[in-house]
2 protein chains.
Amino acid sequence: MPEPDLTLFVRKLERKGQLAAADVEAILALPFSHKSVPPATYLVREGEPPRNCAILLSGFAYRHKIVGDGGRQIVSLHLPGEAVDLQNLYLSYADHNMQTLTQAELAVVPMTALRSLLDERPAVSRAILLHMLVEAAIMREWVTNIGRRDARTRLAHLLCEFAVRLNGPEQTGSLYEVPMTQEQLGDALGLTSVHVNRLIRSFEAEGLISRSRRALRFADHPALREVGDFSSLYLHLDDQLILG
Amino acid sequence: MPEPDLTLFVRKLERKGQLAAADVEAILALPFSHKSVPPATYLVREGEPPRNCAILLSGFAYRHKIVGDGGRQIVSLHLPGEAVDLQNLYLSYADHNMQTLTQAELAVVPMTALRSLLDERPAVSRAILLHMLVEAAIMREWVTNIGRRDARTRLAHLLCEFAVRLNGPEQTGSLYEVPMTQEQLGDALGLTSVHVNRLIRSFEAEGLISRSRRALRFADHPALREVGDFSSLYLHLDDQLILG
DNA sequence: CGCCCGTTTGAAATAATTCAACACCGGTGG
DNA sequence: CCACCGGTGTTGAATTATTTCAAACGGGCG
């Protein structure tokens, strides 16, 4: 196993805003401890004060909230390379839970180190801010997806988003693994697992997707985009940091 | 009419993070043009590159997206004192629309001026970042509200949120005006205006609220919070900026 | 006065949930 | 090696929340 480090995280930030060599070094010099955790590990619990910020070196994670009647809503999904607790950076307690979806490798960075990095390096601060803006844009799309699209469209939309975030915009017909159970998909979409199941089966019956165990293939990618009312603009993939 | 200025905006930022006198001065020195606009004025349109950032001196605004079948989803509401285009600060085009809800007074600040302010003043940058974190927290709650609560709970929740954001946490039984039509409420909640109407009437019949024209009184505030599964924690009202 | 936008109400239609049972699959222990 | 187990996926039938369609009402404003 390679010595774990933060290069993946740096690369994600660099893709957005241009960082000077000194900025990159400062990030890589961040103190962290390495951790490997099983699926369904809690990284943050609602109500906790955030002491650390976990960066996903590998594996997937999700953010969720529990409502009064026990229902669960997944509010975001996180891919390898993402810093998972940035949302708590300056807040005194977490308003949501964060849990791993799969087995995952983490770099756990003390919040204080992160905060002083941001104070000292405006370029890093801008890059992080831009990253948060994109996260917010994704959340706006989720609100829209859940609020105003029917179940079929909603699911197709999420599948498209996931594929694009994972493989970039041009993964026509590609194979990928959705690391979620149908119940988790339901919790992300505001649907029941039963209904998600029926929708998946009908996508399959219509030849939009094909499956083998948990892996999923976009049999007809353009059609699925169409069904999902999907456009990747909100992901701001090509957005570069605007300066001045 | 008083000479318009940015003190309300400053005060909102100050409530969160402590700003030095020099920071406050720098914000107040921001160049802006003053504008008074009627209800339903578009401040930003999806696809536009953001050149300016409007700050609401008075009046309300909302952010929304349009889906394929013509449906509209309101993704956030904005109160006087809020900077409305911060979400586009570093993005090259807007992924949503921004529209005034009521008649409004605006301070229109050039994006470039705002960006250089942030570069020069880390404290302001932190305060803005904290403000964005709170906005994100609200959006997580909206996703949860729309995705996992039934229509009745959902509406009660939104009414509670609005009351607290407007008047602070202790406005028991207070009178306030919801500046939205029932159709707009529906678009914010992922419901139809017809259904919103029925819910409002039933709240009224149960003595939870009372109305006179557009104004609304929380006749039984604790009960409405209960119905709405509402807790104000996610608004992070008492959160102070954490340093170091 | 009359018009228009927003509200109100009812009845019929439908999308999605609920409940319940069963099948499948990979993993574990006998 | 097989048997069993728990979690996940699959399917059907009945129920329900919400939408749709349509019509009427009300009040503020030109």
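Owing to the predicted nature of the structure, the values given are computational and were not obtained by experimental measurement. Residue numbers start from 1 in every chain, and the chains themselves are labelled A, B, ... in the order their sequence lines are given, proteins ahead of strands.
You won't find any donor-acceptor pair under 3.5 Å spanning the side chain of R211(A) and the base of dT8(D), going by distance alone.
Taking atom CD of residue E204(A) and atom C1' of nucleotide dT11(D), one finds them 14 Å apart after rounding to whole Å. The separation between I209(A) atom CD1 and dG9(D) atom P is 12 Å, rounded to whole Å. The separation between E183(A) atom CD and dT17(C) atom P is 12 Å, rounded to whole Å. The interatomic distance linking L101(A) (CG) with dT8(D) (P) rounds to 11 Å, in whole Å. If you take CG of D150(A) and P of dT18(D), they are 16 Å apart, rounded to a whole angstrom. R154(B) has its CZ atom 9 Å from the C1' atom of dT18(D), to the nearest Å. Between the CG atom of L189(A) and the C1' atom of dA16(C) there is a distance of 13 Å, given to the nearest Å. dT8(C) atom C1' lies 15 Å from atom NE2 of H195(B), rounded to whole Å.
Within the nucleic acid shown, G71(B) has no heavy atom closer than 4.0 Å to any nucleic acid atom. Within 4.0 Å (heavy atoms only), G186(B) reaches no atom of the nucleic acid at all. In this structure, R152(B) reaches neither bases nor backbone, as no heavy-atom distance under 4.0 Å exists between it and the strands shown.
Closest contact between the side chain of L191(B) and the listed nucleotides dT19(D), dA20(C), dG9(D) involves dT19(D). Minimum atom distance to the side chain of V194(B) is reached by dC21(D), of the listed dC21(D), dT11(D), dT18(D).
Residue pairs meeting the ring pair (Phe, Tyr, Trp, His ring centres under 6.0 Å) criterion with at least one partner in residues 137-157 of chain A, sequence neighbours excluded, are H157(A)-F230(A), H157(A)-Y234(A).
Applying the 4.0 Å criterion to OP1 and OP2 of dT10(D), one finds that N197(A) has a side-chain N or O inside that range. Between T192(A) and dT17(C) there is a side-chain N or O to OP1 or OP2 distance below 4.0 Å. A sub-4.0 Å separation between OP1 or OP2 of dT8(D) and a side-chain N or O of Q184(A) is absent. Contact annotation: R149(A) does not reach the phosphate of dA15(C) (side-chain N/O to OP1 or OP2, under 4.0 Å). OP1 or OP2 of dT8(C) sits under 4.0 Å from a side-chain N or O of Q182(B).
Residue whose closest nucleotide on DNA chain C sits further toward the 5' end, between R198(B) and A151(A): R198(B). Map R148(A) and R201(A) each onto its nearest nucleotide of DNA chain D; the residue landing nearer the 5' end is R201(A).
For the atom pair CG (L208(B)) and OG (S202(B)), the distance works out to 7.5 Å, reported to the nearest 0.5 Å.
Q73(B) contributes a side-chain N or O that, together with a main-chain N or O of D187(B), makes up a donor-acceptor pair within less than 3.5 Å.
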message: Determine whether S76(B) and R63(B) satisfy the following criterion, side-chain hydrogen bond (donor to acceptor under 3.5 Å, both in side chains), listing intermediate values before the conclusion.
response: CA-CA 5 Å; S76(B) 62; R63(B) 212 183 286 282; 3.0 Å; yes
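Taking the six-membered ring for Trp, F32(A) and H34(A) have ring centres at least 6.0 Å apart.
E135(B) and R140(B) are not joined by a salt bridge, as no carboxylate oxygen comes within less than 4.0 angstrom of a charged side-chain nitrogen.
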